[in-house]
Amino acid sequence: MTASDENVARRQDGPGPSVHGGGDRGAEQAEKAEQAEKVVELERKVSQLERAVESHAAVDQAIGIVVAVGKLTPDQGWTVLRETSQHTNTKLSRIADMIVAWGCAGDLPEEIRRELDASLARAQAKSNCAEAPG
């Protein structure tokens with residue numbers, strides 16, 4: 001094959017490997033893109049975990065308020081929160097936030113208050129804590 005035949009073949013097949021390591025550059029760029037995707041995914045997971053921790057703290061605080069107000073066990077407090085959430089079609093974390101705010105501000109939306117009272121009454125009817133000296 002002559003030099004001109006090689007040039008024709010190269011033009012038809014596209015450029016061959018670069019003398020300056022261009023093939024490595026493509027691999028490096030692909031690796032950097034993959035790492036960037038991993039960073040974005042990890043940042044998303046960290047954000048989700050931060051929200052989960054905040055939500056969990058509010059739920060725990062709300063359980064404490066319900067336990068104190070209703071003279072219930074923590075398990076019963078959890079049940080009251082869950083029932084209130086389900087019966088009002090409101091996310092549990094939102095119910096928890098409202099109850100924590102209620103502990104400070106003293107008011108709840110009427111629908112939430114009615115269902116909370118009903119859930120508390122059901123739990124208190126089953127609770128041994130309400131009868132304990134205290």
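FYI, the numbering just counts along the sequence from 1.
To the nearest 0.5 Å, the span separating CZ on Arg82 from OG on Ser119 amounts to 9.5 Å. Annotation: the span from Leu81 atom CG to Ser93 atom OG amounts to 11.0 Å, rounded to 0.5 Å. With values rounded to the nearest 0.5 angstrom, Leu92 atom CG is found 9.0 Å from Gln86 atom CD. Here the CD1 atom belonging to Ile65 is positioned 11.5 Å from the CG atom belonging to Asp60, to the nearest 0.5 angstrom. For the atom pair CG (Leu116) and CG (Leu108), the distance works out to 6.5 Å, reported to the nearest 0.5 Å. In this structure, Gln29 CD and Glu31 CD are separated by 11.5 Å, a value rounded to the nearest 0.5 Å.
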Could you go through the side-chain contact (heavy atoms from CB on, under 4.5 Å) check for Val67 and Thr73 one step at a time? CA-CA 6 Å; Val67 163; Thr73 67; over 6 Å; no
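In this structure, the side chains of Thr88 and Ile95 come closer than 4.5 Å at one or more pairs of heavy atoms. The shortest distance between side-chain heavy atoms of Trp102 and Ile112 does not fall below 4.5 Å. You'll find the side chain of Leu72 reaches within 4.5 Å of the side chain of Leu120, heavy atoms only. Between Thr90 and Met98, some side-chain heavy-atom pair lies under the 4.5 Å cut-off. Looking only at side-chain heavy atoms (C-beta outward), Lys91 and Ser85 stay at 4.5 Å or farther from each other.
The residues Arg122 and Glu115 are annotated as salt-bridged, a charged nitrogen and a carboxylate oxygen being separated by less than 4.0 angstrom. Ion pairing between Glu111 and Arg114 fails under the 4.0 Å rule for side-chain N and carboxylate O. Of the charged side-chain nitrogens involved, none lies within less than 4.0 Å of a carboxylate oxygen, so that Glu28 and Lys32 do not count as a salt-bridged pair.
Smallest separation of non-hydrogen atoms from Gln124 and Gly70: NE2-O, 3.0 Å. Considering every non-hydrogen atom in both Gly77 and Val66, the closest pair reads CA-CG1, 3.8 Å. Considering all non-hydrogen atoms of both residues, Val100 and Ala62 come closest at CG2-N, 3.8 Å.
Inspection of the Thr79 and Gln76 side chains reveals no N or O donor paired with an N or O acceptor under 3.5 Å.
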